[in-house]
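Structure first, commentary second.
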Protein chains: 2
Amino acid sequence: MKKFINNVDNMLTESLSGFAAAHHDLVSLHLEPNFVTRKHKASNKVAIISGGGSGHEPLHAGYIGYGMLDAACPGQVFTSPTPDQMLTAAETVHADKGILFIVKNYAGDVMNFEMAAEMLPFEHATVLTSDDCAVINSTYTTGRRGVAGTVIVEKCVGSLAETGADLATCKALGDLVNARTASIGVALTSCTVPAAGRPTFDISDTEIEMGVGIHGEPGRRREAMREADAIVKDCIQAILADLQATLATDTNKEILLLVNGLGATPLMELYLIYHKAASLLQQAHLTIARSLVGNYTTAIDMAGASITVCVLNDTIKTLWDAPVHTPALRWGC
Amino acid sequence: MKKFINNVDNMLTESLSGFAAAHHDLVSLHLEPNFVTRKHKASNKVAIISGGGSGHEPLHAGYIGYGMLDAACPGQVFTSPTPDQMLTAAETVHADKGILFIVKNYAGDVMNFEMAAEMLPFEHATVLTSDDCAVINSTYTTGRRGVAGTVIVEKCVGSLAETGADLATCKALGDLVNARTASIGVALTSCTVPAAGRPTFDISDTEIEMGVGIHGEPGRRREAMREADAIVKDCIQAILADLQATLATDTNKEILLLVNGLGATPLMELYLIYHKAASLLQQAHLTIARSLVGNYTTAIDMAGASITVCVLNDTIKTLWDAPVHTPALRWGC
């Protein structure tokens, strides 16, 4: 394992300290328990808190700021944060309109956020993200996994909360965006968890893992490596099948297309994937109204990519376009 | 070689097409010869054009837009663009105040941009970037290499040009920013050029290449892999030695610190590097007034990072802060 680290035990704290220093105009770091908040506490809005294991950067701390999260609770790499983190973060950012947790659907995260919720002295609700259409159950999860579509949920709910919307409205919007979003990932290589020191799974030079999870969980099947267009075609087919019911009742046929790098994939390849994905989606009579290409939900150092499609409606499109000012996503500010 | 490609010959065109489609609100793609321009042509300003081999994305096309470039000319991977690209791009974006080329100091790029300049029917000048303090001469170059500091030059010159500054003033500012900027890179792995199909150089699991170039050129020396803090310390020492004369006459002691990923390095590690680099620079009585952390000048899929320090003055700081709206860098717009 070759990584820029000093020792595995300090890695998270050192990295969070660098993150907080580099973005000191936007965020504040709190240690023991670990959580990151906006630099300037928002008032009179639903406070949005997310979190989960580290190793998916910029998710979640990179999305703290105006128009997205109020706080994020990072666990160790691929390890859920503990309830004291969420509880202390909630006490710090609560702004008189309740707490909304946005949680990716993994057993550990769900359990720990639930425990925190039970202890919360404030009105609260939770949006579970489950956009991965690759598999129903997998290592770590019961039910579908939450992956890169989480970014879209966090962006739209975050912007809605800025308008002063109440907790129930924010929760309902988050559930709606999640229900209209589907993702699938593909791995060319494994990731390497620092504490493990070796690749999470073995994969040969002639194989890919179709439907891989963001922790290296098994996907739909191990397949032969082939040209990019064929891989992208399989991904788009899986996504369109998953969104079939939503698209059948949708009249606008407008989508947001997110091509996400899993950590070690060059931008040049992500744009090549986007090129084919966009072409196939247009052939399916969909209009790509919004796009995002880059590393937004990673799996440490995995070479691979995921494709996410969110079926827009006027509300979601307006919320996506609303100003956002975070370390990793910024426009209109 | 496992990459998301269809065939090596079409890779660049497919990737550029995806880039242009994803950012169709900002850029326009022109093919044969290949160049990318702003969607909406600017008027009455110096037109800023950069370019170079592909494989360093988001450099350069990712920096096209308000406050940075007017056009970029991408060559094949790690291969200079040809003069017809720069010439046609210049004819397309010229806006009555001359053309400024920003060129990284590599023999092929310098020669081809010079040939284009000789044929240009407009007033023109060239800023050569040479921020890499690792080595004086190297594969591809005579004199110091241009690396991630190029982004800072493009940002500051681009913002100056928006104010209506004339060609000589833009050229002088570009040279000034370049002279006040130093970078050094370190590789944990080689990159793999798609057309070659195998890693550019061999490196064992216990070695690093200190001072590596963005094409995988040899650096200062092959060293033993060690903890991140020790690697960062060597990088900062090299940078401070290189900037000694500038810092000796500078009174503000304010710097911009850029920690740049070379393609396959997780953001978590880049922030860990930032943490140590910032600490060492503060110990050297420097104030980190501005920061940037992420993949801004890559070497395809190399695991590695570079550190860049630009010694700010009031003019450079103001230009850095000015609004920018490009696919890869955006604020204030």
Side-chain angles (χ1 to χ4, degrees), chain A residues 1-7 11-12 14-19 21-24 54-55 57-58 62 77 188-189 205 208 225 227-229 231-232 257 259 263-278 288 291-295 298 300-301 303 305 327-328 330-333, chain B residues 1-7 11-12 14-19 21-24 54-55 57-58 62 77 188-189 205-206 208 225 227-229 231-232 257 259 263-278 288 291-295 298 300-301 303 305 327 330-333:
Chain A
M1 177 182 67
K2 277 167 99 176
K3 290 181 182 290
F4 291 106
I5 59 174
N6 295 301
N7 64 68
M11 184 183 186
L12 179 59
E14 290 171 0
S15 180
L16 285 173
S17 299
F19 171 80
H23 305 290
H24 65 89
S54 294
E57 290 71 22
V77 174
L188 305 189
T189 70
D205 284 348
I208 60 173
M225 178 65 188
E227 61 177 19
D229 281 0
I231 297 170
V232 174
L257 171 58
V259 175
T265 304
L267 204 43
M268 202 175 173
E269 294 175 41
L270 297 182
Y271 281 119
L272 188 146
I273 291 170
Y274 179 94
H275 175 61
K276 183 64 177 178
I288 299 158
S291 301
L292 194 65
V293 182
N295 292 346
T298 57
I300 314 179
D301 53 358
R330 180 172 179 179
W331 54 72
C333 290
Chain B
M1 177 181 70
K2 276 166 101 177
K3 289 180 183 289
F4 292 105
I5 58 173
N6 295 301
N7 63 69
M11 184 184 186
L12 179 59
E14 290 170 0
S15 180
L16 284 173
S17 299
F19 171 79
H23 305 290
H24 65 88
S54 295
E57 290 73 21
V77 173
L188 305 190
T189 71
D205 284 349
T206 59
I208 60 172
M225 179 63 189
E227 63 178 17
D229 281 1
I231 297 171
V232 173
L257 172 57
V259 175
T265 304
L267 205 44
M268 201 174 174
E269 294 176 41
L270 297 182
Y271 281 118
L272 188 147
I273 291 170
Y274 179 94
H275 175 60
K276 182 64 178 178
I288 299 160
S291 300
L292 194 65
V293 182
N295 291 346
T298 57
I300 315 178
D301 54 357
R330 181 171 178 179
W331 54 73
C333 288

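In what follows, chains carry the letters A, B, and so on, assigned in the order in which the sequence lines appear, proteins first and then strands, with residues in each chain numbered from 1.
- For A/Ala328, no part lies under 4.5 angstrom from a heavy atom of chain B.
- Of the listed residues (B/Arg330, B/Met11, B/Met225), the one with the most heavy-atom contacts under 4.5 Å to chain A is B/Arg330.
- Proximity to chain A (any heavy atom under 4.5 Å) is shown, for B/Val259, by neither the backbone nor the side chain.
- Both the backbone and the side chain of A/Leu12 have a heavy atom closer than 4.5 Å to some heavy atom of chain B.
- Contacts with chain A were tallied for B/Lys2, B/His23, B/Glu227, B/His24; B/Lys2 has the most, counting heavy-atom pairs under 4.5 Å.
- The backbone N or O of B/Val232 lies less than 3.5 Å from no partner atom in the side chain of B/Lys276, so there is not a single donor-acceptor pair.
- B/Ser15 places a side-chain N or O within 3.5 Å of a backbone atom of A/Met268 that can act as its donor or acceptor partner.
- Chain B forms more heavy-atom pairs under 4.5 Å with one residue of A/Ile273, A/Thr298, A/Val293, A/Leu257 than with any other, namely A/Ile273.
- Side-chain N or O atoms of A/Glu57 include one that pairs as donor or acceptor with a backbone N or O of A/Gly55 at under 3.5 Å.
- Across every non-hydrogen atom of A/Ile300 and A/Lys3, the tightest pair is CG2-NZ, 3.7 Å.
- Between chain A and the options B/Ile208, B/Asp205, B/Leu16, the largest number of non-hydrogen pairs under 4.5 Å is found for B/Asp205.
- Neither the backbone nor the side chain of B/Leu270 comes within contact range of chain A; no heavy atoms are under 4.5 Å apart.
- With a threshold of 4.5 angstrom between heavy atoms, B/Met1 does not approach chain A through any atom at all.
- Contact tally against chain A (heavy-atom pairs below 4.5 Å) for B/Leu267, B/Leu188, B/Asn295: the top residue is B/Leu188.
- A search for side-chain hydrogen bond (donor to acceptor under 3.5 Å, both in side chains) contacts involving A/Glu14 returns A/Asn6, not counting sequence neighbours.
- Using a 4.5 Å cut-off between heavy atoms, B/Ala303 makes no contact with chain A at all.
- Within the 4.5 angstrom heavy-atom criterion, no atom of B/Asn7 approaches chain A.
- If you tally non-hydrogen atom pairs under 4.5 Å between each of A/Gly62, A/Ala22, A/Pro327, A/Ala21 and chain B, the highest count goes to A/Ala22.
- Smallest separation of non-hydrogen atoms from B/Glu269 and A/Phe4: OE1-N, 2.8 Å.
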